[in-house]
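What follows is a single structure, written as structure tokens, with notes after it.
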Amino acid sequence: MVGKGHLFRVQGPMGERVQIVGYAPSPETVVFDLCEFFREWDPLFATTYGVGELLLEAMVRGGKHIVLVLPERHPLDGGMGLLEALGVRFFDAAGRELTGMGENLKRVASLDLSGILKKPQNVRVTLALGEERDEEALKLLCEDLFHFARLLFRFTGEQPPDVREVGGIGMGLGVVWGVHVTGREEMPCLSGLC
């Protein structure tokens with residue numbers, strides 16, 4: 001995979017199918033600049049499902065170190081969408097299955113981890129986060145995110161990282177795969193859009 005960018009086709013934050021380029025600076029490293037990917041989205045209805053698809057596809061293509069460069073504003077679904085892509089199923093109090101999006105965070109009453117894909121031992125995921133937080137989206141979804149974090153802890157036994165520090169994607173991946181989080185200065189935005 002070394003050399004120029006490679007195309008990946010995944011679900012965008014609002015459900016549309018999009019293409020994103022994965023850069024391969026070394027044989028086993030894949031860098032996804034998600035600044036353009038997350039340019040427009042709605043806090044309540046956006047999903048991170050496509051990020052889970054990117055992780056899976058990058059691993060299939062031989063990626064051992066996957067870097068996600070995130071803009072300051074990215075969906076705060078608690079990583080619910082990407083966890084769904086990795087095999088987690090979410091249910092409301094009546095047993096109805098829920099899709100991963102911010103609007104459904106408050107509705108989640110239980111989850112099924114039996115189909116979850118465990119991170120391969122030789123794969124590392126790094127998040128390069130923007131320095132600013134999306135305070136508006138955090139205020140809107142704060143209570144729902146903390147509800148979701150408590151639920152993740154109850155069902156996994158793993159304490160989720162603080163969503164205010166690692167964003168929604170970091171919260172979900174922190175529980176499932178224990179991701180490494182860096183600052184923007186350690187992983188510059190490749191597209192120049194962040």
Side-chain angles (χ1 to χ4, degrees), residues 1 3-25 29-59 61 63 65-86 98-105 125-142 144-145 148 161-174 176-177 179-194:
M1 279 183 60
K4 60 183 180 180
H6 301 268
L7 283 178
F8 294 73
R9 189 163 173 78
V10 298
Q11 180 175 309
M14 295 305 295
E16 73 284 20
R17 296 304 288 179
V18 299
Q19 286 189 336
I20 186 166
V21 176
Y23 302 91
T29 300
V30 185
V31 179
F32 293 106
D33 185 339
L34 299 176
C35 295
E36 176 68 20
F37 185 74
F38 287 133
R39 181 176 280 238
E40 292 183 16
W41 50 272
D42 181 296
L44 292 178
F45 302 105
T47 181
T48 55
Y49 190 93
V51 178
E53 290 181 302
L54 283 175
L55 292 173
L56 294 174
E57 183 64 24
M59 288 188 293
R61 296 191 194 191
H65 180 203
I66 302 164
V67 181
L68 305 175
V69 181
L70 297 167
E72 291 89 1
R73 287 191 77 244
H74 62 275
L76 291 174
D77 67 352
M80 187 178 173
L82 75 89
L83 291 176
E84 182 184 3
L86 298 179
L98 300 168
T99 58
M101 67 174 85
E103 174 68 9
N104 283 336
L105 287 170
V125 180
T126 299
L127 295 185
L129 293 171
E131 294 171 2
E132 296 179 20
R133 296 190 305 237
D134 188 346
E135 297 294 346
E136 187 178 327
L138 269 173
K139 282 179 189 173
L140 181 65
L141 294 169
C142 187
D144 300 340
L145 285 162
F148 188 62
D162 191 332
V163 70
R164 293 168 296 192
E165 300 299 322
V166 299
I169 290 170
M171 188 172 103
L173 276 178
V176 177
W177 283 359
V179 299
H180 175 68
V181 179
T182 71
R184 172 72 69 216
E185 69 284 351
E186 296 179 56
M187 185 60 64
C189 178
L190 300 175
S191 67
L193 295 168
C194 299

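Phe37 has its ring centre no less than 6.0 Å from the ring centre of Phe32.
Closest heavy-atom contact between Met171 and Pro161: CG-O, 3.7 Å. Minimum heavy-atom separation, Glu40 to Pro13: O-CG, 4.1 Å. The two residues Pro71 and Phe38 come nearest to each other via the heavy atoms CG-CB, 4.0 Å.
Asp162 is linked by a salt bridge (Lys or Arg N to Asp or Glu O under 4.0 Å) to Arg164, counting only residues two or more places apart in sequence or in another chain. Under the side-chain contact (heavy atoms from CB on, under 4.5 Å) criterion, Leu56 pairs with Met59, Leu86, Leu117, sequence neighbours left out.
Met101 CE to Glu84 CD: the interatomic distance, rounded to the nearest 0.5 Å, is 8.5 Å. To the nearest 0.5 angstrom, Thr47 atom OG1 is 13.0 Å from Glu103 atom CD. The CG atom of Asp77 sits 7.0 Å away from the CG atom of Leu82 when rounded to the nearest 0.5 Å. The line from CE of Met80 to CG of Asn104 is 5.0 Å long, rounded to the nearest 0.5 Å. For the atom pair CD1 of Ile66 and CG of Leu127, the computed distance is 11.0 Å after rounding to the nearest 0.5 Å. The structure places CD of Glu57 at 12.5 Å from CD1 of Ile20, a figure rounded to the nearest 0.5 Å.
Within a 6.0 Å sphere centred on CD of Gln19, heavy atoms belonging to other residues, nucleotides or ligands number more than 12.
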Tell me, with the steps shown, if Gln11 and Glu16 meet side-chain contact (heavy atoms from CB on, under 4.5 Å).
CA-CA 6 Å; Gln11 180 175 309; Glu16 73 284 20; 5.9 Å; no
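With Leu68 as reference, Val51 is the one residue of Val51, Val30, Asp33 to meet the side chain to side chain contact (heavy atoms under 4.5 Å, CB included) rule.
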